[in-house]
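In what follows, every chain begins at residue 1, and chains take the letters A, B, ... in the order their sequences are listed.
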Protein chains: 2
Amino acid sequence: MAEPIYFYFDFSSPYGYLTSQRIEAVAADLGRELVWKPMMLGATFKATGAAPLTEVPMKGDYSRHDMARSARQHDIPYVVPEKFPFASISACRAVYWAQDAHPDKATALIHALMQAAWQRGEDISGAPAVVAIAAGIGLDADEVEAALKDQAVKDKLRQEIDASIAGKVFGSPFMRVDGEDFWGNDRLDTMAEWVRRGGW
Amino acid sequence: MAEPIYFYFDFSSPYGYLTSQRIEAVAADLGRELVWKPMMLGATFKATGAAPLTEVPMKGDYSRHDMARSARQHDIPYVVPEKFPFASISACRAVYWAQDAHPDKATALIHALMQAAWQRGEDISGAPAVVAIAAGIGLDADEVEAALKDQAVKDKLRQEIDASIAGKVFGSPFMRVDGEDFWGNDRLDTMAEWVRRGGW
C-alpha cells in the first residue's frame, strides 16, 4: 500500500489555506490517502527562531501581495481575516478530536473552518466560533464544546505539535510523502510530480 | 517596446544559480530582454533582519536538500562550493564593470563565474579568482584587475545595491517584470505564466 501524503498546516497560514483548496484533488489524482495535520506555527517558530512572514520588512509587503495573487492564479476565493494572524488552538483541537471521534466529518470541519476564516473573513480564534462552525456541519455543539475543554484532547494536540517539531516540520503548508518533504504552496505541483515520477 | 525582465541574484545564492541556468530561455521564449542584476544578500539581510536560509534551524537542512533536488529536477549540474556562503563583491563589481565596458561579454562572465562556483565548486570570492575567470572568457586580465580596484566601479556596485534595497528587492533570485515581483527559483515558471497571460 502506497504511503499517504501528510499535509501539515496552520489554520492561520494563508498559503496553508490555499494548499488546502487544491491538495485533495492532487492526492486523489495520485491515488494517495491524504492525512490532514493541523499545527501551530507559533510553536514551530519558537523552535526555529523564525518570524511570521508578513512581519518581515519588505518580505511582508511582497507576501501579502503574493498570497492574493496566488489565490487568483487558481481562482480560489481569498479574503484576509480582520484578525490575522490568529490563534488556531481551538480549531486544531476540534480537528484532532473529530478525526478520532467523528472521522467522517473531520475533513468537512477543516474546510468549514478554512472557509469561515479565508472566504468570509471571520474570526475563528475563539472556542465559541469553532463550536458554531462545527455545529454548522452537523456536529453536536455540546459535544464539541466539551471536547475543546477535555484534557485528553489538549494533550493530543500538544503531542501532535511536539511530533511535528521533532519531525522537522518547520512551516505551513508542509507536505511529506514517501519520506520526502515539500514546503510551501508553490511546491504542491512539485510534490505531485515527485510522486508521479517516483522521485528524481 | 515591452519592458525587460530584471533578474536580481547573489552569486552565492544556490537558488540564484539555478534560476540563472534557465531564465535566458524563459526570457527568449517570452520575447523579453533580460537585465542581469547581481547583488549581495548580506546587505539586504541587514535591511530585513533575515538570516541566510541554510543557517536557520530545520529550514537549513531542508533547503540544502531542496537545492540539490531542484537542480536534479531540471538536470542542472550542481556542486556546493567548499566555501559557502561566500563573498561575491568582486564578482559583482566585475559584472557591473563588464556591463558598461564590455557589454558583449557581461553575460558570459556571469555564467563563467556561476559555473566556477556551482559546477566546479571553486572559491570565487577573491579578486584573483574573478580576474582569472574573466580572462578565461577573453577579457584582459590587467584591465579587469584595475577595474576591481577602481573607485568608480566600487561606487557603481554600491549604487546598485542601494537601489535594489530601496526598490524592495529582498531575496535571491528575485525577478521584476511589468512592475510585478517574483521571489524564488520556484517562481520562474509563475513569472513566465504571468507575462504570457498579461497578469491575472
| said: Just so I know, are the side chains of B:Trp194 and A:Arg69 near enough to count as touching, which here means a heavy-atom distance under 4.5 Å? | reply: yes

| task | Following the transitive rule for hydrophobic clusters with a side-chain heavy-atom cut-off under 4.5 Å over Ile, Leu, Val, Met, Phe, Trp and Tyr, establish whether B:Tyr6 and B:Met114 coincide in one cluster. | result | no

| task | Evaluate whether atom NZ of A:Lys168 has more than 12 neighbouring non-hydrogen atoms of other residues, nucleotides or ligands under 6.0 angstrom away. | result | no

| task | Specify which of B:Glu193, B:Glu180, B:His65, B:Arg197 makes the most heavy-atom pairs with chain A at under 4.5 Å. | result | B:Glu180

| said: Same cluster or not: B:Val130 versus B:Ile110, using hydrophobic residues (I, L, V, M, F, W, Y) connected whenever any side-chain heavy atoms lie under 4.5 Å apart? | reply: yes

| In Å, rounded to the nearest 0.5 Å, how long is the span from CH2 of A:Trp200 to CD of B:Gln73? | 4.0 Å

| query | Within a strict 4.5 Å, meaning less than it, do heavy atoms of the B:Ile165 and A:Met58 side chains meet? | reply | yes

| task | Against chain A, work out which of B:Asp181, B:Asp61, B:Val56, B:Thr44 has the most heavy-atom pairs shorter than 4.5 Å and name it. | result | B:Asp181

| said: Can you confirm whether more than 12 heavy atoms, excluding those of A:Gln151, are under 6.0 Å from its CD atom? | reply: yes

| said: Testing the basics here: between B:Ala47 and A:Pro57, what is the closest heavy-atom pair and its distance to 0.1 Å? | reply: O-CB, 4.1 Å

| Shared ILVMFWY cluster between B:Leu113 and B:Leu41, side chains joined below 4.5 angstrom? | no

| Do B:Tyr15 and B:Val26 sit in the same hydrophobic cluster, where Ile, Leu, Val, Met, Phe, Trp and Tyr count as joined when their side-chain heavy atoms come under 4.5 Å apart? | yes

| task | Classify the ring geometry between B:Trp183 and A:Tyr62 as parallel (under 30°), tilted (30 to 60°) or perpendicular (over 60°). | result | perpendicular

